[in-house]
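Worksheet: the structure to be examined is printed underneath.
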Amino acid sequence: MATKDTKKRDTFGSRFGVLVTMAGSAVGLGNLWRFPYLVGEYGGAAFILIYILCLLLLSMPVFLAEFIIGRRSGANAFRAYKKLAPGTRWSWAGALTVFIPLLITSYYCVVGGWSVNYFAESITFGFSRMATTGELSDFFNSSITAVWAPLVGHFIFLLVTAIVVAKGVKGGIENFSKLMMPLLFIIIIGIAVYGMTLEGSAAGVEYLLKPDFSKINISVVAAAMGQAFFTLSLGCGTIITYASYVKKSDSMLASSLGTSVSDFFFAIIAGFAIMPAVFAFGLNPGAGPGLIFDTLPHIFAQMPGGDLVAILFFFALLIAALTSSISMFEVGVAYLVEEKKMSRIKASVLLFAILWPLGILCSLSFGPLSDFKIFGNTIFDCFDKLSANILMPFGGLLVALFVGWYMKKSDVYDELTNCGTDRAGKLLFRTVYFLLRYVAPPAIVAIFITNLFL
Ligand code: PHE
């Protein structure tokens, strides 16, 4: 067997593998949990329109920029900057990039843990049972604020994440995504189609499709931009790391477009899976973060066949969350394997040991630690706001500046067009380069400032 030092770096096995793995990172709680409640809170179709603009002008160019850094360097997120900008301060950007996913994974896995528990509840038909005994209204609160149940869910979720990553890029991550992602799409499309057949669902469809421009204001724009970032897993090394496993011969543009488009459609379909049903049962679409955990179980308990829909929905949620947390976990493992020369298994165990206590703190911040506040925020909120609102946009800004202003234009061109052989890459190069230089950086600074001061 090859030694650790001479061992060849892993690569993804096929183009389909690249697509499902990247889409696996992008499609997650951001699509099924965050997007629907943001749409509900920020007024439906008008929010969706702004979100589409942000995706096109901001997130997609930054996604391509991360792809360029990752594939060109062929290294983990830390080394990527060092390799492309040797002897400069850019190595700090690499260090930050490896640190950010640690924060995100800590709280993300807590919500992942809730989905484990909700899935477990659904397979025992718990929601319809609780609806008849009148316990359903308390379930959301008790399953989140309790001490043990969320901790057990969190432990299971983090453990599965670590096991899949420990099994390797191709053998673990790619295979898992190849199996799960198509299933995920089929389930969510099925639920959306079913939701739209419910009586009274038309109001929900209209809500998603008919923009009310009077609802647009600066906080809607800031939320849409933040979400466009979060949903494509930007600014935190995941796309850099995954791209480093993509073969030089694969079309970067095809994989990036495939990922962004599937992520976008998944979010929209998730909206259609949820909103028509919410309207059909006369519930409030603006319920905030509790929308899928608090509101939906009430709907499942009442709709015909709701027990089965609940199982499928929470299974989908679980898979979506897992493939995303796997991608964040891989950033740290790739760093430990390549920089600290650890085996994948050792690196996964170490990362698990770091993330587990951090997740426990985030989870307890809904219950026993809810009075412990840092600048007025619970630990969970602190991790969430610090990473999603500040560090991820900052990481994305660094990526845009690095590729748009630091890297040689000809290198960027070579990478984006596969050395001038990719026709679509050639066609889009000028637009992408312009967006990276002149549009993304000021727009990201704008999100940054609005998020800080709003
Ligand atoms: N994109 C993921 C989602 O939508 C979240 C994520 C953020 C994943 C950052 C990896 C890195 O749920």
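Whatever order the structure lists ligands and atoms in, that order sets their numbers, starting from 1. Computation of the quantities below employed the complete heavy-atom set of this structure, encompassing side-chain atoms and omitting hydrogens, waters and symmetry-equivalent molecules.
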Ring centroid separation F155 to F352 under 6.0 Å: yes
Is M328 in polar range of ligand 1, meaning some N or O pair under 3.5 Å apart? no
Distance to 0.1 Å, residue and atom name: give those for the protein heavy atom nearest to atom 4 (O) of ligand 1. A26 O, 2.9 Å
Can the ring centroids of Y42 and Y51 be said to lie less than 6.0 angstrom from one another? no
Does a sphere of radius 6.0 Å around CH2 in W90 hold more than 12 heavy atoms from other residues, nucleotides or ligands, not counting ones at 6.0 Å or beyond? yes
Can you tell me if E330 and Y245 form a side-chain donor-acceptor pair at under 3.5 Å? yes
So, regarding I104 and ligand 1 (criterion: nitrogen or oxygen to nitrogen or oxygen, under 3.5 Å), is there a contact or not? no
Any F35 heavy atom less than 4.0 Å to ligand 1: no
So if I count the atoms of ligand 1 from 1 in the order they appear, which ones are less than 4.0 Å from some heavy atom of M392? 7 (C), 9 (C)
Do any nitrogen or oxygen atoms of L234 lie less than 3.5 angstrom from nitrogen or oxygen atoms of ligand 1? no
If we set the cut-off at 4.0 Å for heavy atoms, which region of Y108 has an atom near ligand 1: side chain, backbone, both, or neither? side chain
Considering F230, F266, Y242, which one's heavy-atom position lies nearest to atom 7 (C) of ligand 1? F230
Atom indices of ligand 1, in the order listed, that fall short of 4.0 Å to a heavy atom of S327: 10 (C)
If you draw a 6.0 Å radius around NZ in K167, do more than 12 non-hydrogen atoms from other residues or ligands fall strictly inside? no
Can you list the atoms of ligand 1 that are under 4.0 Å from a heavy atom of S25? 1 (N), 2 (C), 8 (C), 10 (C)
Could you check R9, R79, K82, K83 and say which one makes a salt bridge (Lys or Arg N to Asp or Glu O under 4.0 Å) with E338? R9
Looking only at heavy atoms of C236, does any of them come nearer than 4.0 Å to an atom of ligand 1? yes
Neighbour count above 12 (heavy atom, 6.0 Å) for W92 CH2: no
Tell me, do S262 and F185 make a side-chain contact under 4.5 Å, heavy atoms counted? yes
The atoms of ligand 1 lying under 4.0 Å from a heavy atom of T238, numbered in the order shown, are 10 (C), 11 (C)
Give the contacting part of S233 toward ligand 1: side chain, backbone, both or neither, where contact means a heavy-atom distance below 4.0 Å. both
Would you find more than 12 non-hydrogen atoms of other residues, nucleotides or ligands less than 6.0 Å from R15 atom CZ? no
